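Reviewing the structure listed below.
Because the structure is predicted, anything quoted here is derived from the model rather than measured. Order of listing sets the numbers, starting from 1, for every ligand and every atom in it.
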Amino acid sequence: MTHPQPVPAPDAPTVAAVVVLAAGQGTRMRSSTPKVLHPLGGRSMLGHVLAAAAPLAAGRTVVVVGSGRDQVAAHLAQVAPEALAVVQEEQLGSGHAAEVALAAVPDLEGSVLVVNGDSPLLTSRTLTGLVAAHDAAGSVFTVLTAEVEDPTGLGRIVRDDRGAPQAIVEERDATDEQRALREVNAGVYVADAGTLRRVLAGLGRSNAQGEQYLTDALAPLVAGGAPTAAVRAEDPDDVLGCNDRVELAARRRALNDRVLDGLMRSGVTVVDPLTTWVDVTATVGRDAVLEPGTHLRGVTAVGDAAHVGPDTTLEDTEVGEGATVVRAHAVGARIGVRVSVGPFAYLRPGTDLGAGAKVGTFVETKNAQVGEGAKIPHLSYVGDATIGRGTNIGAATVFVNYDGVAKHRTTIGEHARTGADNMFVAPVTVGDGAYTAAGSVITSDVPPGAMAVARAPQRNVAGWVRRRRSGTPAAEAAAAAEGRTEAPGADPSESSRAAHDS
Ligand code: UD1
Ligand code: CA
């Protein structure tokens with residue numbers, strides 16, 4: 001799924017290229033899915049990074065892939081078809097990965113943003129701020145940093161007495177004094193492409209992990225007197241990486257909090273932010289209410305003053321203004337204005353409910369066009385159907401759409417009244433204003449205005465209970481109703497049964 005990308009303001013800072021480092025194994029996730037493909041808030045980690053970088057209007061986007069390269073490349077083709085996937089055959093470190101990326105775009109000049117693929121909370125604001133600071137400082141290498149409570153596992157930023165950055169030191173290679181520093185490397189860098197190429201080519205792998213570290217690019221530039229910078233992120237949460245599933249859950253929670261805060265500030269009531277989950281790709285209108293247990297996924301759009309939940313999941317679904325959706329699950333559905341859905345409804349792809357329609361309790365729909373004001377209130381399956389406006393579908397109706405080989409469609413006209421417990425055996429058409437009798441199995445078309453009766457006539461066998469169930473409470477009740485007294489325990493002879501039963 002691709003999503004519209006924000007258009008940058010005319011004077012917004014830009015870069016020539018964005019390089020995303022996404023070749024690492026992500027061993028700590030303990031997963032057969034590459035780390036950067038794990039989803040949160042409606043996008044993969046990689047998708048979030050690409051979306052955050054989109055306003056930088058880079059001419060080139062290069063994603064370094066390695067572990068699970070086929071999966072990552074296939075995902076990229078879906079979410080960012082313009083991006084170039086470049087293979088890093090062996091994961092020799094972040095510096096090596098950046099070098100491989102730059103080798104794939106040999107003609108590239110100007111600024112390049114290099115970013116770790118596992119930073120799903122990065123915002124466009126943070127990235128444009130970093131690029132603006134880099135440009136303003138005339139820097140050739142600028143690193144984004146954050147002050148954190150617990151710097152464990154992260155690279156430390158070493159500054160001199162005057163605050164100028166000197167080096168980025170990985171925790172494993174740090175002295176005790178450096179380890180005490182709480183300013184850390186966010187894994188986001190802006191550099192002049194030519195300068196970065198040159199410095200990366202000179203980096204060794206003499207560190208605790210035996211890898212070529214991108215972080216080692218800073219010290220030699222400082223030593224050579226090149227202008228460099230280290231810029232603190234305003235919100236340290238923005239730059240948090242994600243290395244295992246405990247961190248993934250924490251990042252997902254943080255992202256959700258951010259989305260819900262935005263919705264509440266724009267006029268949405270979120271009754272219980274702890275149990276409400278909204279993807280970054282979903283939208284919710286003013287004065288809408290999200291009850292506890294609401295999940296809005298994908299490109300779901302909830303209209304103004306709509307009421308959703310409790311316990312409702314909507315995926316790629318549109319909800320019109322003033323609609324009510326209670327305890328429902330919907331995928332690929334369109335719910336019109338002032339429609340009422342649920343409690344306990346399942347709307348599947350191709351469901352399209354016209355204004356003021358109702359889909360009630362224990363109702364499943366699929367590929368169903370339901371006209372304005374039409375009602376399917378109870379216990380029904382509506383598959384491959386068109387229902388005209390103002391029509392009422394009786395309780396416990398099944399649209400029999402599948403003959404075991406192919407699916408067929410049922411069309412019901414406007415203002416029809418179908419009886420309870422009907423089967424519409426498709427393909428079949430019921431005309432405008434027609435009625436069908438309760439319990440009917442409708443196998444042929446019903447003309448407009450007709451009453452279709454398609455059920456066996458009723459037959460009453462008089463006295464059956466007296467003869468066949470004598471001595472039971474039923475027989476006593478029947479006898480009382482007929483003004484007789486039933487002999488308790490009386491059991492008619494076999495011959496009298498044979499004579500009377502038919
Ligand atoms: C890295 C930084 C650390 C910083 C932290 C922020 C280095 C050496 N360290 O540590 O200073 O505080 O990020 O989260 O960069 N990758 C490749 N190819 C490789 C190795 C890594 O593409 O050969 C990619 C990974 O997929 C990942 C990124 O580079 O997206 C960083 O690698 P990772 O192993 O996660 O580094 P950290 O230990 O988190
Ligand atoms: Ca990491």
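The closest side-chain heavy-atom distance from T317 to L347 is not below 4.5 Å.
Taking 4.0 Å as the cut-off between side-chain N and carboxylate O, D279 and R297 do not count as a salt-bridged pair. The pair R60-D107 meets the salt-bridge criterion, since a charged nitrogen lies less than 4.0 angstrom from a carboxylate oxygen. Comment: K35 engages D118 in a salt bridge, judged by a side-chain N to carboxylate O separation of less than 4.0 angstrom. Ionic pairing of D238 and R258 is present here: one or more N-O contacts between side-chain nitrogen and carboxylate oxygen are shorter than 4.0 angstrom. Remark: E171 does not engage R179 in a salt bridge, criterion side-chain N to carboxylate O under 4.0 Å.
The protein non-hydrogen atom at the shortest distance from atom 34 (O) of ligand 1 is R28 NH2, 4.6 Å. The single protein non-hydrogen atom nearest to atom 39 (O) of ligand 1 is N243 OD1, 4.0 Å, given as residue, atom name and distance. Among all non-hydrogen protein atoms, the one lying nearest atom 6 (C) of ligand 1 is N185 O, 3.4 Å.
Some N or O of S94 is nearer than 3.5 Å to an N or O of ligand 1, by distance alone. At a 3.5 angstrom cut-off on N or O pairs, G187 does not count as close to ligand 1. Between Y213 and ligand 1, not a single N/O pair is under 3.5 Å apart. In terms of N/O distances under 3.5 Å, ligand 1 is approached by G24.
Atom 23 (O) of ligand 1 lies below 4.0 Å from at least one non-hydrogen atom of the protein. Distances from atom 32 (O) of ligand 1 to the protein include no heavy-atom value under 4.0 Å. Proximity of atom 36 (O) of ligand 1 to the protein is not indicated, since no non-hydrogen protein atom lies closer than 4.0 angstrom.
Residue L214 does not touch ligand 1, judged by heavy-atom distances below 4.0 Å. At a heavy-atom cutoff of 4.0 Å, ligand 1 is contacted by the side chain of E170 but not by its backbone. When heavy-atom distances to ligand 1 are checked against a 4.0 Å cut-off, A22 comes that close only through its backbone atoms N, CA, C and O.
Using a 4.0 Å cut-off to heavy atoms of G155, the atoms of ligand 1 that qualify are 3 (C), 4 (C), 11 (O), 12 (O). Atoms of ligand 1 lying under 4.0 Å from at least one heavy atom of T215, given by number and element, are 7 (C), 8 (C), 9 (N), 11 (O), 15 (O). Counting the atoms of ligand 1 from 1 in the order shown, those under 4.0 Å from a heavy atom of Q88 are 17 (C), 18 (N), 19 (C), 22 (O), 23 (O). Near L154, with a cut-off below 4.0 Å to any heavy atom, the atoms of ligand 1 are 5 (C), 6 (C), 12 (O), 14 (O). Near D118, with a cut-off below 4.0 Å to any heavy atom, the atoms of ligand 1 are 30 (O), 35 (O). Near A97, meaning under 4.0 Å from any of its heavy atoms, are these atoms of ligand 1: 17 (C), 18 (N), 22 (O).
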Chi angles and distances behind the side-chain contact (heavy atoms from CB on, under 4.5 Å) call for N185, L154 = CA-CA 7 Å; N185 169 23; L154 297 167; over 6 Å; no
Please walk me through it: do E89 and V87 pass side-chain contact (heavy atoms from CB on, under 4.5 Å)?
-> CA-CA 6 Å; E89 288 293 345; V87 176; 3.8 Å; yes
Would you sort out whether R334 and Q369 count as a side-chain contact (heavy atoms from CB on, under 4.5 Å), showing the intermediate values?
-> CA-CA 10 Å; R334 199 192 68 81; Q369 265 106 57; over 6 Å; no
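The main-chain N or O of A208 is never found under 3.5 Å from a side-chain atom of R172 such that the two would form a donor-acceptor pair. At least one donor-acceptor pair under 3.5 Å links the side chain of T312 to the backbone N or O of P310. Between the side chain of N207 and the backbone N or O of E211, at least one donor-acceptor pair lies under 3.5 Å.
Only protein N, O or S atoms were considered, and those under 3.0 Å from the Ca ion (ligand 2) are D118 OD2, N243 OD1.
Looking at M45, R28, R252 one by one, the single match for side chain to side chain contact (heavy atoms under 4.5 Å, CB included) with C242 turns out to be M45.
The shortest separation from a heavy atom of L92 to ligand 1 is under 4.0 Å, placing the residue in contact.
Residue L21 holds the heavy atom nearest to atom 30 (O) of ligand 1 of all those in L144, N116, L21. Comparing A146, G93, A23 against atom 19 (C) of ligand 1, the shortest heavy-atom distance belongs to G93.
Side-chain contact annotation: T275 with D272, donor-acceptor N/O pair under 3.5 Å present. Between the side chains of H307 and E291, at least one donor-acceptor pair of N or O atoms lies under 3.5 Å. Between the side chains of Q91 and Q25, no donor N or O sits under 3.5 Å from an acceptor N or O. Residues T386 and R409 bring a donor and an acceptor atom of their side chains to less than 3.5 Å of each other.
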